[in-house]
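As the structure lists them, so they are numbered: ligands from 1, and atoms in each ligand from 1. Each residue takes its place number in the sequence, starting with 1.
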Amino acid sequence: MKELAGKKRKKEFSPARRTILKGGAALAGAALLTPAATSGAGKPAAGPGEILRQTAPARTDRDVQVVHSVCLGCNARCGNRSVVKNGRLETYSGNPYHPYNHLGDPVDYATPVAETLALPSPVCAKAHDAPNYVYNPYRILKPLKRMGPRGSGRFEPVEWEQMIEEIAGGGKLFAHLGEDRHIAGLKELDSDGPIDPAAPELGPKRNGFVFVTGRLQAGRKQIIDRFVKDAMGSKNRIGHTDICGLGFRMGNFALTDKEQWELKADPWGAEYILVFGANIYEALQPGVNTYGAAVAGRSSEGKVKFVIVDPRAQHASVHAEDWIAVKPGQDGALAMGLIRWMIENDRYNKAYLAAPNPAAALQKGHVCYSNATHLVIDDAAHPHDRQFLRIADLYPAAAGESGQAWVVLSRADRSPAAFDQVGEALLDEAATVLGAGGVRIKVRTAFRLMREGVMAHDLDRYAELAGVPRAQIEKTARDFTSHGTRAAVCQYHGAGNYVSGTYAAYAVAMLNAMVGSVEAKGGFMSAGGAAASWKKGRYDLRNFPGRRQPAGVAISREKAVYEKSTEYRRKVKETGSGYPASRPWFAFTKGGLSVETLSGIDQRYPYRCRVLFHYFYNPVYSTPGGYRYKETLKDHDKVPLYVSIDTNVNESNIFADYIVPDITYAEGHYGWLNPHAPALRFTGIRTPCIEPLTGKTADNRCFCLETFLIDLAEKMALPGFGAKAISGRDGRLHPLHRAEDFYLRGFANIAWQAKVPPAAPAEIAFVEKNYPVARFKDILSPSEWRTTCYALARGGVFGKYEEVFADGRFKYAVKRVLLYSEDLAAARNSLTGEFFPGTLTYIPPRDSAGEIIALKDRDYPFAVITHKMNVHTQSRTISHLWAMEIFPENFVVMNAADAGRCGLKEGDLVRLISRSNSKGITGKLRLTRLIRSGCISVSNHYGHAQHGASSLTVKNGAEVFMGGRQVMDKDRLIADPRRGTGLNANMVSRLDENLADTPLVDLTGGIPDFSSTRVKVVKEGG
Ligand code: SF4
């Protein structure tokens, strides 16, 4: 394969390398631009010189405020420092205390704030563009109610109190539009009666309330959980992990026995990193300021080599040892090939894998051991077939924990022994042991089972499946196994976010176990966790009188066992087999299955949704195949009441009955943000830097998520909200009537638990002068406020990279990794009844009927992938005017040789047509040699139909939209064509014909599919 040839070959890519350099320059330039456009509310954004001066303000003038907080330009959670002038956000720079802004080595936490104000600290271009997000003229500031059919784009402002009344109480809410149906409000769902009397295991009526969250971080997550789960008692607060990056997380989830999912290669200590589907210079978590910058810096010093595994040569490829242009959806085949080579060439860490328990592993220098030597019962006649052999299987009299101990074969005498009783065990074995009553039990070690899964195909076959030359697999495997435990994988979205992704990502994660680098310094590491907890200490923010326990089955069927359902039992009775389930269930998943939530709602399965809330969630735009959900959201029977909480009208909430205006992270989104992987321990604190820009309630609280939920709860007299909601260490019950009642107490808990000292008077004065939250300081006692100020002044509680190690060993490691997962092996495919394999298995991307998509769609010659750009996050950054000025549109990125064969040329307008979308979508062609032949890539972020891209009819719209009269012509919103440029690849994604044409999902983990869609590329007018 030509595209694989590594360093020598890269020299041939000079035109594209220039493109990369140009991209880098553009990124740097993003901070320096003076946009011709205004920042939305009529005032021009600051000029370049001014921004540079403000980036590190040496003092805080009377009219300049500085707040240390946490960015939410993307989900990476870097620190930020706002510069606010006369109450208006001018720009952001980084927070010198935050490790993410300083490559893991920030200023000492005890440094007085005054000494840090002149220190420069980076953030990325997205953060610099924040004022354009905050002052976006298309932001909504008042609540809206539909005043036409769903999706008509006709809204009118509604009084806050009326909206609360109607959503809580329900009724004939749209009778004035001729819609004579009764709509259940939330009050009707506040009932313990069964949602389906014929299937009581599905839980109470409360589960008819479904709350799906898009961009959500800790802080707001807890207040939403308090409302949905603890007060309303619904099971259905469901995140969007699936579209975010469930694939790679499922691999880590399986590897770590469901303990951790954010493990990545340690960018500060690794010598060799295999980057699978992670865009390290342009996206990722930690973000470009952190992970990409650390790897780039160490790479330039010769301290780390890395290899990019991606069908597209992302920007980091310019520094990479090799670019391996794997076929989309075949990362697992490549990983299996690498593992096969390691086994055949005896290049894996046998000593590590043969250590059967923590003590034995520690003796060899590992803080995390593996279950490679543990025996698995391989005997269909045995009641515990497919499970680990336990001491009680051999000695039934063995009780309690000792009876449950796993069994290994001692290396000393090959006899069965409890895993924690021997220092070394046999690794690669199949045997028969004598069980209770002399029964012979066939067993194999977890390693043997894993090895057999890998050996099912030879190296040439893996090379063919992955589309990677065998020689490249051999070279990469040799290199990966040449750095001891300083070699690791960094995988993200691309590595497993597709059908069959669970096993692909498990294989990729397994590479780290093979070299023994899991939780080793410089290896595959998890995060060090929170510096302190928000939950308790000074105040109990978790428990309250009357707190409910959600019960039953989530509408996404995540973490639920189909075989326990009434449906299963009924089908067994009727047909002798309980299969197939009407839709898949997902017993073994990390969860956050927003796609199956929407599909469940669409199919009214396993029960009907009655009230749907969306928070910063735009499934029509952000889900592959999300266009299918337009009809779901439009359907009053499937979604009787639809409420969206957001800053904008988007492609999904255009169908909403009510839109609740929300604030941006400059005005709120209070939170406590812990690190993603790896090897850092901290809690960033997010507080506002400007006053909220949305409207206000009669008692002067801003319109936002928190005010909405609190007012709904108080209206319905739900527990956990109102006058006596939060118990304090002082023995009193405190109110929860505004956002700050909750969050300030969380901050006090963090400061107390982290044992930070009281802030010096100068730092208290700094917070009280600069931080809008200081207005609410009386919520805390004076002593609590002083310690909280210490953390607020620094933007959180932070430590350094070295502090997570003791004697070079990671202090917060997961304790065990699995070469065989008993829980995965116990789960079944709910459509066929087959057990899922408990260890590595090559599974091609296939639909729910088991058909291989690439074969079924062979008439569609091009595989579609997507990528992120460094100046954008997913969908919201369409308001980032500076980014849009640099890159006004996106493209259909195609291999130049492919284009030549198809008679296409740069700039052609082409139509992409898939099996599921025969009308297709159009985009402009951009040719490159930096993408695998047979693939096309489309960046996210573009192709909007809303967010200002289309006109709307909004009564008194000048009072609703931030841009006021600038964006309104009487009651018509004036669209900005810049916001509708380009295309969105999700609009052409493959659907599953066997499951009511809903989006494809992986039947094991519920992963949506971002890599299996195939298209024809047709020249428009050609
Ligand atoms: S990567 Fe950029 S946008 Fe994302 S959190 Fe960090 S500074 Fe903000």
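- Put simply, the side chain of H880 never gets that close to the backbone of Y133: no donor and acceptor are under 3.5 Å apart.
- When heavy-atom distances to ligand 1 are checked against a 4.0 Å cut-off, N75 has no atom that comes that close, whether in backbone or side chain.
- With respect to atom 2 (Fe) of ligand 1, the closest heavy atom belonging to the protein is C124 SG, 2.3 Å.
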Can you list the steps and then say if E885 with R978 is a salt bridge (charged side-chain N to carboxylate O under 4.0 Å, His left out)?
CA-CA 9 Å; E885 205 168 291; R978 291 176 298 179; over 6 Å; no

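- The distance from ligand 1 to the heavy atoms of V123 drops below 4.0 Å at these ligand atoms: 7 (S).
- Atom 2 (Fe) of ligand 1 has no N, O or S atom of C71 inside 2.8 Å of it.
- Not a single N, O or S atom of C74, from either the backbone or the side chain, sits less than 2.8 Å from atom 6 (Fe) of ligand 1.
- Cation-pi geometry between R88 and Y135 is met: the NZ or CZ atom falls under 6.0 Å from the ring centre, inside 45° of the normal.
- Under a 4.0 Å criterion applied to the non-hydrogen atoms of K126, ligand 1 contributes the atoms 3 (S).
- Cation-pi geometry between R979 and Y138 is not met: the NZ or CZ atom fails to fall both under 6.0 Å from the ring centre and inside 45° of the normal.
- Note: Y942 and H872 have perpendicular aromatic rings, judged against thresholds of 30 and 60 degrees for the angle between ring planes.
- The protein heavy-atom contact nearest to atom 6 (Fe) of ligand 1 is C78 SG, 2.3 Å.
- Using a 4.0 Å cut-off to heavy atoms of N289, the atoms of ligand 1 that qualify are 1 (S), 2 (Fe), 6 (Fe), 7 (S).
- Within the 4.5 Å cutoff, side-chain heavy atoms of P96 are placed close to those of R81.
- Contact atoms of ligand 1 toward R77: 5 (S) (distance under 4.0 Å to a heavy atom of the residue).
- The aromatic rings of F798 and Y109 sit perpendicular, their planes meeting at an angle over 60°, well past the 30° parallel limit.
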